[in-house]
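Throughout, a chain's letter reflects where its sequence line sits, starting with A, and its residues are numbered from 1. Keep in mind that this is a model prediction, so the values were computed, not measured.
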Amino acid sequence: MPELPDVEGFRRFFARHAQGRRVIRVTAPDPQVLRGTSVQGLGRALHGRRFAAPRRHGKWLFAPTDDGPVVALHFGMSGRLEWSSDGSGRHRHDRLVFVLDTGELRVSSMRKLGGAWLARHERDLADITGPLGPDAKTATREQLAGLLAERRGGVKSALMDQAVVAGPGNLVVDETLWRARVHPARPAASLSADELAAIHRSLREVLEGAVPRGRVPRDDDWLTGVRDVADPRCPRCGAAVRSDTVAGRSTRWCPDCQPETA
DNA sequence: CAGGATGTTGGGTC
DNA sequence: CGACCCAACATCCT
């Protein structure tokens with residue numbers, strides 16, 4: 001499920017449990033999630049080192065050690081972190097375990113779409129992540145407007161592209177466009193200054209609401225709250241919510257609040 | 001049983 | 001090169 005708000009929750013979780021803690025050993029109940037490294041490689045790089053403050057960019061979580069190597073985590077569609085102070089309660093989907101001096105931090109992933117990478121140095125992270133736009137939480141209105149203005153495709157496709165702006169996923173984008181009253185298939189380059197401002201403001205509001213919760217809330221005054229109910233109604237105007245595939249992803253929008261032509 | 005799920009990548013195509 | 005579409009990845013759920 002992880003989008004930016006979820007990963008920000010994982011960052012806080014990582015900081016609470018692992019920051020300043022020493023790595024005793026690394027085990028991989030399912031090494032398939034290790035990308036470009038091995039459990040031996042991770043062990044050699046991390047053994048005896050302490051984790052420093054974790055950082056997030058978009059949907060990536062970076063866990064540097066106090067003197068060099070950095071673990072990069074991406075959670076795919078189903079990843080999350082678990083903590084066990086006494087080593088008990090192992091779960092079937094735990095794929096990677098950092099045994100620390102105070103307990104075990106576990107990377108769990110049902111579908112194994114994400115994974116764990118090892119960077120020798122900070123400067124190697126960009127090779128792992130590929131191109132990433134500015135983080136959605138801090139992107140300025142000018143940045144966002146400029147990036148969208150030079151896109152040729154639809155606005156949902158643009159906002160979903162991590163190289164344009166890093167962090168938004170399917171739920172955040174649908175929620176943002178609903179709040180901004182912009183149809184998801186609108187050509188990005190056709191948006192007015194007012195619409196661009198509304199998208200930026202809405203993106204900030206959605207993230208400010210979601211990040212403290214560590215997820216996109218399923219509140220009933222959010223579009224996400226009616227996403228999967230039968231006969232969904234727009235929480236703002238009561239119109240029947242439309243469902244279709246846009247930019248290759250399942251998409252919800254309100255035909256009254258978000259008309260196709262502005 | 002078929003289809004879908006909050007993500008990304010690689011191939012083919014225009 | 002930019003953008004779209006689709007399949008694939010692996011597992012569970014409706």
Practice problem: If a pair satisfies salt bridge (charged side-chain N to carboxylate O under 4.0 Å, His left out) and one of its residues is in residues 131-147 of chain A, list it, with sequence neighbours excluded. | Solution: Arg56(A)-Asp135(A)

Quiz item: Counting any heavy atom closer than 4.0 Å, what does Thr224(A) reach on the DNA or RNA strands: base, sugar-phosphate only, or nothing?
Solution: nothing

Quiz item: Taking NZ, NE, NH1 and NH2 as the nitrogens, is one of them in Asp101(A) or Arg21(A) under 4.0 Å from a carboxylate oxygen of the other?
Solution: yes

Quiz item: Using a heavy-atom cut-off of 4.0 Å to chain A, what are the terminal contacting nucleotides of DNA chain C, in 5' to 3' order?
Solution: dG2(C) to dC12(C)

Self-check item: Nearest-angstrom distance, P atom, dA7(C) to dA2(B)
Solution: 16 Å

Quiz prompt | Where DNA chain C forms stems, i.e. three or more consecutive Watson-Crick or G-U pairs with both distances under 3.5 Å | solution = B:2-5 with C:11-14, B:7-14 with C:2-9

Exercise. Could you encode protein contacts along nucleotides 8-14 of chain B as a string, one character per nucleotide from 5' to 3', using B for base contact, S for sugar-phosphate-only contact and - for no contact, with a heavy-atom cut-off of under 4.0 Å?
Key: S------

Quiz prompt | Passing candidate, side-chain hydrogen bond (donor to acceptor under 3.5 Å, both in side chains) with Thr224(A), options Arg218(A), Arg215(A), Glu175(A) | solution = Glu175(A)

Exercise. Would you mind reporting whether Pro235(A) and Asp220(A) have side-chain heavy atoms less than 4.5 Å apart?
Key: no

Practice problem: Pick the C1' atom in dA3(C) and in dT6(B), then give their distance to the nearest Å. | Solution: 23 Å

Exercise. Would you please confirm or rule out a distance under 4.0 Å between OP1 or OP2 of dG7(B) and any side-chain N or O of Arg111(A)?
Key: no

Practice problem: For the residue pair Trp60(A) and Phe62(A), categorise the inter-ring angle as parallel (less than 30°), tilted (30 to 60°) or perpendicular (more than 60°). | Solution: parallel

Quiz item: So do the side chains of Ser243(A) and Thr251(A) get within less than 4.5 Å of each other, counting heavy atoms only?
Solution: no

Quiz item: Nearest heavy-atom pair of Lys59(A) and Gly169(A): which atoms, and what distance?
Solution: NZ-CA, 3.7 Å

Quiz item: Taking atom P in both dC6(C) and dG3(B), what distance in whole Å separates the two?
Solution: 15 Å

Exercise. Can you sort out the partners of Lys112(A) under salt bridge (Lys or Arg N to Asp or Glu O under 4.0 Å), two or more places apart, ordered by chain and number?
Key: Asp30(A)

Self-check item: Sub-4.0 Å heavy-atom contacts from residues 134-151 of chain A onto DNA chain C, ordered by number
Solution: Glu150(A), Arg151(A)

